[in-house]
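We count ligands from 1, going down the list as the structure has it; atoms in each ligand are counted the same way. These values consider heavy atoms only, across backbone and side chains, with no hydrogens, waters or symmetry-generated copies.
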Amino acid sequence: MKNDKLIAPSILAADFANLQRDIEMINSSDADWFHIDIMDGVFVPNISFGMPVLKAITKHTKKTIDVHLMIVDPDRFIDTFAALGANILSVHYEACTHLHRTLQAIKGAGMKAGVAINPHTNVALLEDVIQDIDLVCMMSVNPGFGGQSFIENTYKKIAQLKEIILNNNASTLIEIDGGVTDQNAEKLVKAGADVLVAGSFVFKSDDPKTTIKQLKEITNK
Ligand code: DX5
Ligand code: ZN
């Protein structure tokens, strides 16, 4: 089995009253990353959790911390998230006026730089900065909530983005976020995805650890 496709369970769907238990489940699972969704109630119509909770989470995590900021003007908090232990920091394309500068600031703070794009955002808009982007977090639902249905147009966007990455000799990873299940995982990696985020599908299953293992197997066979 090759092992280059990554699974990133989203903590948003965890049991917040049993966070340490759910984190340790991920630590001992086949998952590769922790996906952490930070929402401000302005960029998206929901608020998730903030710095004190992330600080408590990273006390227990033993894997890469992949932070997805769904906040306006994310430049304000780049150093804060670096200090909190983020390894990858993704900002939304739609929330950045000077994206190139933001990406340099994220790298300057010692993190990998990610750009998240909403379902309506054309991937071609990333072409001029693609070599500066370590990860594109492609939203396959409208950001703000877990448990939504996957948007089918995503497959087409993955193929378009992959072409841009290859044409520019970039090493950008493609992450798919929203509505990922065992029904679409294989098709997503075949289209060119490298990392699959899964929230509800993992945590609402009877046996989350086995569900992670299954996703890992489906995507790496
Ligand atoms: C949505 C978040 C996702 C969410 C995915 O705004 O960015 O990471 O947790 O949840 P599921 O897998 O339930 O769609
Ligand atoms: Zn996310």
Report the part of F201 (side chain from C-beta onward, or backbone N, CA, C, O) that has a heavy atom under 4.0 Å from ligand 1; answer both or neither where that applies.
-> neither
Closest to the Zn ion (ligand 2), which N/O/S atom of H68 is it?
-> ND1
Check S200 against ligand 1 and report side chain, backbone, both or neither, counting heavy atoms closer than 4.0 Å.
-> both
Minimum non-hydrogen distance to atom 14 (O) of ligand 1, winning option of A13, A198, G179 = G179
Nearest to the Zn ion (ligand 2) - the N/O/S atom of D37, by atom name | OD1
Between K213 and E217, does a salt bridge (charged side-chain N to carboxylate O under 4.0 Å, His left out) hold up when you go through it step by step?
-> CA-CA 6 Å; K213 187 174 194 297; E217 282 169 2; 3.1 Å; yes
Co-membership, hydrophobic cluster, residues V141 and L215, 4.5 Å side-chain | no
Provide the number and element of each atom of ligand 1 under 4.0 Å from a heavy atom of D177.
-> 2 (C), 3 (C), 4 (C), 5 (C), 7 (O), 8 (O)
Relative to the ring of F150, is the ring of Y155 parallel (under 30°), tilted (30 to 60°) or perpendicular (over 60°)?
-> tilted
Could you tell me which atoms of ligand 1, counted from 1 in the order shown, lie closer than 4.0 angstrom to a heavy atom of M70?
-> 6 (O), 7 (O)
Looking only at protein heavy atoms, which one is nearest to atom 12 (O) of ligand 1, and how far off is it?
-> G199 N, 2.8 Å
Heavy atom of the protein closest to atom 9 (O) of ligand 1 (residue, atom name, distance) = S10 OG, 2.8 Å
Quick one: which ligand 1 atoms are inside 4.0 Å of a heavy atom on M139?
-> 7 (O)
Note, F203 side chain near L12 side chain (heavy atom, < 4.5 Å) = no
Going by the atom numbers of ligand 1, which of them fall below 4.0 Å from some non-hydrogen atom of H68?
-> 7 (O)
Sidechain-backbone polar pair: D30 side chain, I212 backbone, donor-acceptor under 3.5 Å | no
Are side-chain heavy atoms of K112 and T64 found at a separation under 4.5 Å?
-> no
T61 side chain near I26 side chain, heavy-atom distance below 4.5 Å | no
Side-chain heavy atoms under 4.5 angstrom apart, residues restricted to Ile, Leu, Val, Met, Phe, Trp, Tyr: same cluster for L166 and I176?
-> no
Any atoms of ligand 1 less than 4.0 Å from a non-hydrogen atom of P143? List them with their elements.
-> 6 (O)
Among all protein heavy atoms, pick out the one at the shortest distance from atom 1 (C) of ligand 1; state its residue, atom name and that distance to 0.1 Å.
-> F145 O, 3.5 Å
Answer yes if the side chains of S140 and T154 hold a donor-acceptor pair under 3.5 Å, and no otherwise.
-> no
Under 3.5 Å, is there a donor-acceptor pair linking the side chains of D66 and H68?
-> no
By number and element, which atoms of ligand 1 are closer than 4.0 Å to a non-hydrogen atom of L12?
-> 9 (O)
Find all atoms of ligand 1 within a distance of less than 4.0 Å from any non-hydrogen atom belonging to H35, and give their numbers and elements.
-> 8 (O)
So do the side chains of Q20 and E24 get within less than 4.5 Å of each other, counting heavy atoms only?
-> yes
Which atoms of ligand 1 have any heavy atom of G146 under 4.0 Å away?
-> 10 (O), 13 (O)
Out of I78, D75, T102, which residue meets the side chain to side chain contact (heavy atoms under 4.5 Å, CB included) rule with V91?
-> T102
Could you check atom 6 (O) of ligand 1 against the protein and tell me its nearest heavy-atom contact, residue, atom and distance included?
-> G144 N, 2.7 Å
Ligand 1 to G147 polar contact by distance, N or O atoms, under 3.5 Å | yes
Main-chain N/O of K62 paired to N27 side chain as donor or acceptor, under 3.5 Å | yes
Where the Zn ion (ligand 2) is the centre, what is the OD2-to-NE2 angle for D177 and H35, rounded to 10°?
-> 100°
Does even one non-hydrogen atom of D37 get within less than 4.0 Å of ligand 1?
-> yes
Consider every N or O of V197 and every N or O of ligand 1, then say whether any pair is closer than 3.5 Å.
-> no
